[in-house]
Amino acid sequence: MGAITCFKPFLLFLQVSPHQKMSNGIHDHMKHADSNSDSDNSGDDGSISSSQVDGPQSQSSNAKPSPHKSRKNRKSRQEWIILEGLRDGQRCEEKPERYQGFLMKRRKWPLKGWHKRFFTLDKGILTYAKSPNDILKGKLHGVIDIGLAVISYKRKRQRLDIDAEEQVYHIKVKDSKVFDNWIDRIRHHRLYRQHEIAYGTKESPRLTEISSPIEDIVISPLATANLPEKSRTLTLKKEIIRQASFNKGVGGQSRVAAWVLDTAGFEKCNKDLSDAQNTLYELRDLLEDIQNLPLSGETTVEYPELLTQSCEKPKTRRFVGVRTSKRKSKKLDSPTHGRDSITSSPTLGVPDRIHTSTSNPNLLSSLRPNSMPDTLISPAHEQRIQEIKLRENFISKAEQVHCNLKSLVHMMGTERERLKHTLEAEATATAASTATLSPNTTTNNNMAQNILLQQKLNESYQQNAELRARLVRIGAECNLTNLMQPMSPLPSPVMGRDRVQLAQSLSAESFSMSEYYDAEENVEAGSETSSEPSDEEDISSEVSEEGNDTAITSASEDILTSVFPTGRRSKLPVPQPDSGDISLWNLLYKNIGKDLTKISMPVTLNEPLSSLQRLCEELEYSDLLDKASEYDDPYERMIYVAAFAVSSYASSYYRAGHKPFNPLLGETYECIREDKGWRFIAEQVSHHPPISACHADSRNFTMWQDMRVKTKFWGKSMEIQPLGTVNVTLPKYNDHYRWNKVTTCVHNLLGGQRWVDQYGEMKITNGNVVCKLTFTKASHWSSKRHEVCGSICTLEGKVVHTLFGQWNEGLFCGQGSSASCIWRPGAMPVDHELYYGFTRFAIELNELDHDQARFLPPTDSRFRPDQRMLEEGQVNDAEYEKSRIEQLQRERRKRDDQEMEPLWFRQSIGGDKDVYKYNSKYWETRKNPGFLKMSFVKLW
Ligand SMILES: CC(C)CCC[C@@H](C)[C@H]1CC[C@H]2[C@@H]3CC=C4C[C@@H](O)CC[C@]4(C)[C@H]3CC[C@]12C
C-alpha cells in the first residue's frame, strides 16, 4: 500500500551502547528500536515506528510474546540512538574540521532505493550532491543544518536518520569504521553549530559568524581552479535560507534565523565597508604625496605636440585628455557617479576636464610614446606627469570610495527593509498562531497573512450563517405549520433533500448550500410531533422535545451558542485544557526504553473523541454520497465519491494538536444521524494490532472500513499510514467503490506548532471506472500545500474528468476557471481553536443525552469516563481514570487467554484476515431485546 510498506512498533531507549564514543561528555539517547518481528525484516526502515500513536493499553500487547519476538526485541532495543544536542549552559567552541565523503542516501519519498551521494560537513552544515564535482559546480541536492535537525542512528546497521523537518534523510554507510567516524564528526559539528546559533563564535560576532559555514565550502584545491564560486555560494545560501525558514519548530526564531542566515546582504556590506576603508587609506597616502609635491600652480597641463601625437587624439589639444574609454566616460558622466561632487571638492582642486582613468593602470605610460626616450622628457614634464598621476589616482580612489559607500547605504537600506519584513511576518504569524489552531506554521509573510484572511473569511461565513439562521427562524415562527413534516426513521436524503439535511452542521455548510440547509432547520422542529415507533423511535428520541423547544425559543437570542436547532449541542462544555507545557521530547525522553504504544501520554494531549468517533467523523460530508447516487453516469458518480474520500481529511487540518483516545478492545460507538440519513456503528475489534471496524448505512449508500494505523516516528515528525480499505456501495447502481488512505504526517512534534500533511496516491475503483488522486507532499520549494489532483479514467486509461483542489479547502472538477466546485468544507465554529479545532460535526459526536443513554450499550465511547472528564475539563480526574482504565485493560489481557472476539463484526476467514465486516446484529439487538439484557465486559 502506497509508499510505506513496512511499519513497526518502536521502542525508546536510554541505554547507551558500549561502542559509543562520547564527545564533550555528551551522551546520546537511545531513541527507539523496532519492537516486533517484522521490524528487522525491513533493513531499510529505520523509523521509530509504532502501531498506534500511544496506547498504554497496548502494554499488554506483549503479554504473550513469542520467545523469538522478545529476543528480537531485546536485541533491537539497543540499536537506535538519538544524537543529543547542546545542554543548557553547555558550550562547544572548538571548531570542527570539514569532513566529507560518499554515503548512501535513500531516495526521497516514496523512499525507494538508495543513491551514492557526496556529503560535506562543514561548520554544522551538511551538504550533498551527486559528486564532488557537482558540489564545485554548485549543483547541490540538499543542505541540512545539523544543529537544527533531529539525528538518530543505528550502529548495528550503520544507518543514520536526519529529520530536518521538511525532509527526513536516511543514510547508510557500508563500512562500520567510516560510519563511526561520521557519527563522531556529526556529533561535534552539531554541538558546534548549536553553540554558534546560541552564542555566536569567539572570533566574530554572531551575525557574521553564522554566515561563515558557507563562506569557504571548498572541497579541494581543485575547487578554486575554475570554480563558479558565486553561483555555488549563492545556491548554498539559498538552501540554507530555505532550511532555516522551514524549521518551523523554532517558530519566530527560524524567521529571524532565516534572515540572519541569509548573509548575502551582510557580506556585501562587509565587503563594501572594508573596501571603502582600504581605499580611504590609499587616499590618505595619495593626499600626502600630493601635498608633498612642489606647487605647479597649473592644473591644466599643455603638452608638447610630440606628446599628444603619440597619444590617441585628444579632443582638445590643450588638455591632458587622460583618456578613458567611451564606456568609462559615459559612466563618469552619469549622475550616479557623482563627478560633480568630485570636481567641486575644494581639497581635490582637480578640474573637471581631467578625465579619470581608473581602468587603465598604464595610463601614464600611455602619455608617453614608446618611441620617446626618457631623456627627452624634461624634469618639469616628469613632475607634471607625476602630479597628474597622483591626482588621477586620488580621484579614481575617491570615486571608488564613493561607490562603495553608496552601495553600502543601499545594502543597509535593503537589509533594514528585509528585517522589517521579517519582523512583520513574525508578528503576523504570531498573531495568526495565537488566534488559530492552524497547523500551518508557515514562516513566510504571505502564508501568515493567508491564515489571517482565511480566519476572517471563516468568521464572515459564520456571521452570515448566523444571520441567515435567525432570519429563517423568524420566518419559521411566523409560519411554522407549513413546514411541519413527518420524520422518517432513516430518511433518504435524496427524497428528503427538502427536509433531511435540516440539521446540517454549521461546519458542513458550504456557502452555496447554506441557505438551503438553514431553511431546513425548521422542518426538524416539526418532526418531533411525528416520530415513528420502532428502531427509529430511538432516533427521534435523540431530539428531545425539550431540546427543540429550547432551540426555538432561544433561537432569536443566540442561535449558535449552546443549542443548535437540531437539539444537538454547538459547543463543548469547556475549552480545551492547556497542554502547552508538555514537552513531547521530555515525554519520550522520560519513557525511553518503552514501546511508544506503551507510553501513557498525558490526557491533555488527547481530544475528547475516540478513534471510533473519528472514523464516524469521516461521514461529515456524507451528502456527497447522496449526491453521487443521484447521477446515472458512473463517471459523474465517481466525482462525488472522490470528493467524499477527500473530504474525510478536511478536519485533520485543524487537529494536529491532539490525538484521539485509543479505544479499548470491545469499545463501540454508534451514531444515528437522522438529519443526514445514516446510522453508524464502530467497534474496536482487535487490540494487537489495534484495529477499528465500522459500518454505516443509509438508503443511498453503505460505507464500511476497518482501519489499522502504522506509525513511523522520525524524531521531529511522525508518519501515520492507515492500512485497510474504505468501501462504499451505492445500491441503486450496484456500485462498489474501494479506496486506500494516504499517509498522514504530523510535523513539529517536538516543538513549535504541530501541523498535519497528507500525501500519497489514492486509488478509487468501481468496476470499470478508476479515479487516481495524488495528495502532494507539502513542499517548501513551492507554495503547494494540501494539494490534491487527479483524474477519473476508464479502465483503458482514457481521462473522463480531471479533479483538483486542496484537501482542506475544496475539490474542483474540470479545467481552470471553468471548473466547478464539487465540495468545500464548512466554516469553522467560532473559537474552534480553543475547542480542539473541532468542527460542528465533531462537537456533536460525543454528546450524550439522557434519553439516548438508555439505548446505548455500556461499551459506547460516550461512557468512557476519562474521555468524558476531559471533555468537561476535569483534567486530574481524567488522568486518574485514564490510567485506571488502561490498567484494567492490561489485567484483562493478562487474565484472558485469547483476545476477546468482536461482538458486532466478523473477521474474514481465509484470505485477508485483517478484514472485518459488520455482522448485521447491532441494530437488531438494539431494537430487540436491547442491550440492557446483555452482559458486557466491564471496560471501565
Ligand atoms: C498529540 C501528538 C503527540 C500527536 C497528534 C497526532 C494526531 C494529529 C494524529 C494521530 C492519529 C492521526 C489520525 C490517524 C488516522 C486518520 C484517518 C485518515 O483517514 C484521516 C487522518 C487521520 C484522522 C489521522 C489524523 C491525525 C491524527 C489524529
Side-chain angles (χ1 to χ4, degrees), residues 9-14 29 31-32 48 50-61 82 150 249 437 439 572-611 613-614 652 654-664 667 690 709 711 713 715-718 720 746-756 833-838 842 846 861 864-890 939-940:
F10 71 90
L11 299 173
L12 287 154
F13 287 90
L14 185 53
H29 292 154
K31 160 176 99 162
H32 58 270
I48 319 177
S50 116
S51 57
Q52 206 145 2
V53 179
D54 80 2
Q57 67 265 34
S58 11
Q59 176 84 30
S60 45
S61 64
I82 295 173
V150 172
L437 251 191
L572 291 177
V574 296
Q576 70 201 37
D578 183 24
S579 58
D581 52 353
I582 295 176
S583 148
L584 266 181
W585 178 249
N586 285 343
L587 191 82
L588 299 178
Y589 176 85
K590 267 192 242 141
N591 283 285
I592 283 168
K594 284 189 192 161
D595 187 329
L596 233 210
T597 60
K598 292 178 195 162
I599 299 170
S600 189
M601 301 244 187
V603 77
T604 48
L605 279 178
N606 283 47
E607 58 183 22
L609 284 179
S610 70
S611 293
Q613 290 166 310
R614 204 84 204 231
S652 61
Y654 295 96
R655 306 272 282 280
H658 299 89
K659 55 174 290 301
F661 277 85
N662 289 329
L664 302 156
E667 186 172 327
V709 299
T711 307
F713 175 58
K716 281 183 167 185
S717 53
M718 186 192 276
I720 300 146
V746 189
H747 289 269
N748 266 349
L749 272 180
L750 301 182
Q753 197 163 26
R754 283 193 280 277
W755 61 285
V756 167
E833 67 280 4
L834 302 178
Y835 292 88
Y836 304 93
F838 279 8
N846 198 40
S861 297
R864 187 168 164 164
D866 46 358
Q867 197 176 306
R868 180 65 57 198
M869 285 163 175
L870 174 67
E871 189 188 280
E872 284 163 0
Q874 302 157 30
V875 177
N876 291 341
D877 294 346
E879 199 72 82
Y880 175 82
E881 279 298 292
K882 187 164 174 274
S883 50
R884 185 184 65 83
I885 290 169
E886 286 161 2
Q887 185 56 30
L888 269 180
Q889 163 146 290
R890 282 191 283 272
L939 294 182
W940 34 72

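What you see is a predicted model, and the numbers here were worked out from it, not measured in a lab. Heavy-atom basis, side chains included; hydrogens, waters and symmetry copies ignored.
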Min side-chain heavy-atom separation Leu888-Leu939 under 4.5 Å: no
Quick one, Gln613 with Ser861, criterion side-chain hydrogen bond (donor to acceptor under 3.5 Å, both in side chains). Give me CA distance, side-chain angles, the key distance, then yes/no. CA-CA 8 Å; Gln613 290 166 310; Ser861 297; 4.5 Å; no
Can you confirm whether Glu872 sits close enough to Leu572 that some side-chain heavy atom of one is under 4.5 Å from a side-chain heavy atom of the other? no
Is Arg868 salt-bridged to Glu871, going by a charged N under 4.0 Å from an acidic O? yes
So do Leu870 and Phe661 actually touch side chain to side chain, heavy atoms under 4.5 Å? yes
Hey, what do you get for CG (Asn846) to CD (Gln867), rounding to the nearest 0.5 Å? 5.0 Å
Would Glu607 and Arg614 pass as an ion pair if we require N to O under 4.0 Å? yes
Worked verdict on Leu749 versus Arg754 for side-chain contact (heavy atoms from CB on, under 4.5 Å): CA-CA 6 Å; Leu749 272 180; Arg754 283 193 280 277; 3.8 Å; yes
To the nearest 0.5 Å, how far apart are CD in Glu879 and CD in Gln874? 13.0 Å
Considering non-hydrogen atoms only, spot the tightest contact between Gln753 and Asn748 and give its length. O-ND2, 2.8 Å
Answer yes or no: is there a side-chain heavy-atom contact under 4.5 Å between Ile885 and Pro865? yes
Pair Lys882, Asn606 - check side-chain contact (heavy atoms from CB on, under 4.5 Å), show working. CA-CA 11 Å; Lys882 187 164 174 274; Asn606 283 47; 4.2 Å; yes
Tightest non-hydrogen contact, residues Thr604 and Asp578, listed as CG2-O, 4.1 Å
Minimal heavy-atom distance between Ala656 and Val756, with the atoms involved, is CB-CG2, 3.3 Å
Using a 4.5 Å cut-off on heavy atoms from C-beta on, say whether the side chain of Tyr835 contacts that of Val574. no
Below 4.5 Å, heavy atoms only, C-beta onward: do Arg655 and Phe838 meet side chain to side chain? yes
Which class fits the ring pair His747 and Trp755: parallel under 30°, tilted 30 to 60°, perpendicular over 60°? parallel
Would Arg884 and Gln887 count as a side-chain hydrogen bond (donor to acceptor under 3.5 Å, both in side chains) here? Give the steps. CA-CA 5 Å; Arg884 185 184 65 83; Gln887 185 56 30; over 6 Å; no
Chi angles and distances behind the side-chain contact (heavy atoms from CB on, under 4.5 Å) call for Leu609, Tyr836: CA-CA 10 Å; Leu609 284 179; Tyr836 304 93; over 6 Å; no
Could you check if a side-chain atom of Ser611 sits within less than 4.5 angstrom of a side-chain atom of Pro660, using non-hydrogen atoms only? yes
Evaluate Glu667 against Trp940 for side-chain contact (heavy atoms from CB on, under 4.5 Å), listing each step before the verdict. CA-CA 10 Å; Glu667 186 172 327; Trp940 34 72; 3.7 Å; yes
Quick one: pull up OG in Ser610 and CG in Leu664 and give me the separation to the nearest 0.5 Å. 9.5 Å
